[in-house]
Amino acid sequence: QAQLVESGGGAVQAGGSLRLSCAASGRTFSKGFMGWFRQSPGKEREFVGNIGLRWGSLYYADTVKGRFTVSRDNAKNTVYLQMNSLKPEDTAVYYCAAAPSVAGIASSYTRERQYAYWGQGTQVTVSP
């Protein structure tokens, strides 16, 4: 089994930045995708961005494109979400997820049910 642990959440003012980390332990994979999702109270969990573990391919939701960046450190089994120019609308619990050993392009892996492993979530709060 694989375990995912998010960290780096917190409170920040609008326009500020945060970097979230997702550390994988136990069974890890060199192929597939790592994704970031978020969920606000009263809303469905939504896709934020993902990265291909083998080739480093990237895909982002339109709401965060140009502000958020997904990156990886394969040696550390860690994926990052750099969030810049944060807006109050970005306030949510952010989740890291893994879709191991799947084939396809990054834009095809945007749905919650496609990811087999999930972290516990980390709170991000952006104040006006």
Should [X] and [Y] be regarded as members of a common hydrophobic cluster, given that ILVMFWY residues are connected when their side-chain heavy atoms come within less than 4.5 Å of each other, either directly or indirectly?
X: L58; Y: V48; value: yes
X: V102; Y: L4; value: no
X: L81; Y: L53; value: yes
X: V124; Y: W118; value: no
X: W36; Y: Y80; value: no

Go through the steps to decide whether Q13 and L86 satisfy the test side chain to side chain contact (heavy atoms under 4.5 Å, CB included), and finish with yes or no. CA-CA 8 Å; Q13 290 186 309; L86 282 162; over 6 Å; no
Can you check whether F37 and Y115 have ring centres sitting under 6.0 Å from each other?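 Ring centroids of F37 and Y115 are less than 6.0 Å from each other.
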Is there a side-chain contact between [X] and [Y], using heavy atoms and a 4.5 Å cut-off?
X: T63; Y: R38; answer: yes
X: Q114; Y: F33; answer: no
X: M83; Y: R67; answer: no

Distance-minimising heavy-atom pair for [X] and [Y]:
X: S17; Y: Q82; answer: CB-NE2, 4.0 Å
X: A92; Y: Q123; answer: O-NE2, 3.4 Å
X: R54; Y: K31; answer: NH1-CE, 3.6 Å

For the pair D90 and K87, find out whether any cationic side-chain nitrogen is under 4.0 Å from an anionic carboxylate oxygen.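 A salt bridge is absent here (no side-chain N lies under 4.0 Å from a carboxylate O).
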If you count heavy atoms of other groups shown closer than 6.0 angstrom to NZ of K76, is the number above 12?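 For K76, atom NZ is not crowded (no more than 12 foreign heavy atoms under 6.0 Å).
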Intermediate values then yes/no, side chain to side chain contact (heavy atoms under 4.5 Å, CB included), E112 and Y95: CA-CA 11 Å; E112 182 178 357; Y95 297 90; over 6 Å; no
Would you confirm whether T91, through its side chain, and V126, through its main-chain N or O, come within 3.5 Å as a donor-acceptor pair?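 Checking the backbone N and O of V126 against the side chain of T91, a donor-acceptor pair under 3.5 Å is found.
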Please answer whether the main-chain N or O of Q120 pairs with a side-chain N or O of E6 as donor and acceptor at a distance below 3.5 Å.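 It does hold such a pair.
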Identified side chain to side chain contact (heavy atoms under 4.5 Å, CB included) counterpart of F47 within the set Y109, Y60, Y59: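 Of the listed options, the one satisfying the test is Y59.
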Value rounded to 0.5 Å, distance of CD in E46 from OG in S40: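 Going from the CD atom of E46 to the OG atom of S40 covers 6.5 Å.
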Spatial distance of atom CD (Q3) from atom CG (N77) [nearest 0.5 Å]: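 Q3 atom CD to N77 atom CG measures 11.5 Å (nearest 0.5 Å).
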Taking it one step at a time, do N50 and V70 satisfy side chain to side chain contact (heavy atoms under 4.5 Å, CB included)? CA-CA 7 Å; N50 64 12; V70 180; over 6 Å; no
